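Since the structure comes first, as structure tokens, the remarks are kept for the end.
All ligand and atom numbering here is 1-based and tracks the order in the structure. Given the structure is predicted, the values throughout are model-derived calculations rather than measurements.
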Amino acid sequence: MKKDWWKDSVVYQVYPRSFQDSNGDGIGDLQGIISRLDYIKQLGADVIWICPIYPSPNVDYGYDVTDHKTVMESYGTMEDFHELLEEVHRRGLKLVMDFVLNHTSTEHAWFKEAELDKTSKYRNFYFWRPGTKHGPPTDLQSDYGQSVWQYEEHTGEYYLHMNAVKQADLNWENEDVRQAVYEMMRFWLDKGVDGLRIDQLHLISKKEYLPSYEDYVQGKAESKPFQPNGRRIHDYLTEMTEEVFSQYDVMSVGEAGTVTPEEGLTYTGTDEHELNMIFHFQHMELDQQPGKEHWDLKPLELSDLKSVLTKWQKKLENKGWNTLFWCNHDQPRIVSRFGDEGKYRKESAKMLASVLYLMKGTPYIYQGEELGMTNAPFTRIEDYKDIQTVNMYHKRVYEKGYDPKEVMTSILAKSRDHARTPMQWNDGKHAGFTDGTPWLKVNPNYTSINAAEALADPDSILSYYKKLISLRKQYADLMKGSYDLLLPDDPQLFVYIRQTDTRQLLVINNFSDKEAIFQWPDELEREMAQLLLSNYDGGREALPSIELKPFESRVYLLKRD
Ligand code: GLC
Ligand code: CA
């Protein structure tokens with residue numbers, strides 16, 4: 001079999017809790033996913049990435065794992081899992097599991113033993129440090145709005161948690177930890193799973209020492225002693241490749257916050273024996289104030305977006321491989337974020353798809369994105385379930401004295417729950433997601449935005465995604481060709497060329513809600529240009545000067561001389 005099938009694939013991401021409930025308990029489950037596989041297949045996706053399905057106390061909805069080798073009861077049984085895998089394969093699709101290996105739940109058997117007994121072999125599976133007279137060993141804060149250190153009274157020491165308090169970081173310096181993790185990875189790959197998405201890969205190697213609070217206040221230590229992408233990350237990845245990935249024909253993709261394109265290349269370069277792809281987040285950080293949290297909003301500058309995406313395209317061009325994504329279970333909905341969820345919802349959602357998914361790399365489409373699902377309009381904090389959102393609200397409102405209205409504005413823009421509201425299947429009760437009470441409220445716009453409506457409409461966002469995906473397949477050679485940005489400083493247009501020796505694809509996008517003019521560049525063949533895709537009706541002729549409607553997108557095929 002071709003080893004790099006993942007380069008020609010389109011991935012569809014499923015958040016199991018919110019995809020389809022099959023038994024009326026209001027929680028999505030494996031049987032629910034099985035019942036919707038034909039939907040994923042008709043979209044044209046090749047691979048399904050499913051967020052964690054392991055047992056979890058759900059502090060972070062599955063990213064706090066208590067047992068990596070079974071299935072969470074509310075999602076089903078191992079039998080259901082085997083059925084899912086078989087049904088996926090029967091349709092010619094592939095299944096990628098989400099694997100959380102930077103931390104475990106504090107309810108994991110390893111941690112339970114470690115916290116009680118300093119002499120247990122599991123003690124050193126985690127990071128423990130004595131406190132200082134100021135309290136925690138260092139002052140580092142997590143994205144969850146708390147110290148990364150939690151005092152544990154049985155042994156009088158603190159453990160490290162880079163995420164929520166109940167997600168204790170595993171100590172990758174300890175070889176027993178690494179071997180235990182590799183064994184769990186093989187457990188799923190041996191079942192025939194087609195790949196793994198590695199959660200928080202950038203955190204597994206920490207800086208080698210933990211400065212004391214005193215060092216820090218005296219300026220002898222950096223404020224963030226736990227730097228991501230630490231010095232041993234590449235040793236671990238090389239070892240992981242040898243022990244796990246090299247033994248299977250599978251794909252690997254790592255979540256790598258805070259990496260630059262240069263570092264990205266070292267994670268995915270073909271000569272490095274590391275991962276196939278990583279998720280970087282540089283394009284997701286452009287609508288936040290520099291150096292602050294993602295809640296601190298700032299409008300997107302189109303030139304920043306062009307520059308970031310282009311740097312990744314160019315840096316990885318012939319050596320690595322990019323992921324292409326706008327959405328996932330941690331991000332707000334892209335049409336609300338960079339498009340227009342009102343008047344131009346359809347046009348902008350289609351344009352956003354064209355801009356990104358015709359670049360070089362593997363597209364990752366997140367459930368509901370293909371319907372143009374929007375952010376939820378919930379204005380009461382009680383309607384949010386995401387721990388990051390809820391902790392931040394309490395911290396800012398009750399500890400820091402922010403105006404609750406301002407905090408809600410940030411939540412309406414950025415909460416992770418916008419991605420997690422139930423999938424909108426139809427205009428029936430609870431959008432067809434469940435017969436019971438959904439665990440998270442359904443976005444009330446399901447009456448008009450839903451899969452049934454989109455499937456019946458040849459002009460829907462869904463139909464456009466299908467055309468775009470089949471275009472990628474039809475022009476697979478061009479999808480491997482080079483990428484070059486045109487008009488880097490234009491404040492409205494996002495235009496680029498993909499090319500091989502014989503052909504060019506010209507992708508023209510008006511990334512604004514105003515009309516825009518595109519002047520056809522002299523050096524590009526025009527008279528024979530063939531329109532392959534557009535989000536507006538009509539002739540859309542390749543004129544020397546093209547007037548583009550708001551959010552208009554056109555894709556032309558050109559011959560090279
Ligand atoms: C990743 C996941 C996110 C989770 C975090 C901690 O970033 O995508 O949902 O909260 O890791 O596991
Ligand atoms: Ca269920």
Lining ligand 1 at under 4.0 Å, by non-hydrogen atom distance, are residues Asp60, Tyr63, His103, Tyr144, Asn163, Gln167, Arg197, Asp199, Gln200, Glu255, His329, Asp330, Arg416, Arg420
Electrostatic pair Asp60:Arg416 at N-O distance under 4.0 angstrom: yes
Salt bridge (Lys or Arg N to Asp or Glu O under 4.0 Å): which pairs involve residues 178-203, sequence neighbours left out? Lys69-Glu183, Asp98-Arg197, Arg178-Glu239, Arg186-Glu243, Arg197-Asp199, Arg197-Glu255
Classify the ring geometry of Tyr61 against Trp439: parallel below 30°, tilted from 30° to 60°, perpendicular beyond 60°. tilted
What about Trp425 and Phe19, are their ring centers closer than 6.0 Å? yes
So, the side chain of Asp287 versus the backbone of Leu300: is there a donor-acceptor pair under 3.5 Å, distance only? no
So which protein N/O/S atoms does the Ca ion (ligand 2) have within less than 3.0 Å? Asp21 OD1, Asn23 OD1, Asp25 OD1, Ile27 O, Asp29 OD2
Counting N and O atoms only, with roles assigned by atom type, does the side chain of Asp386 sit under 3.5 Å from a partner on the main chain of Gln388, one being a donor and the other an acceptor? yes
Electrostatic pair Glu293:Lys395 at N-O distance under 4.0 angstrom: no
May I ask you to decide whether Asp176 forms a salt bridge with Lys121, counting only side-chain N to carboxylate O separations under 4.0 Å? no
Among all residues two or more places apart in sequence or in another chain, which pass the ring-ring contact (aromatic ring centres under 6.0 Å, His included) test with His283? His280, Phe325
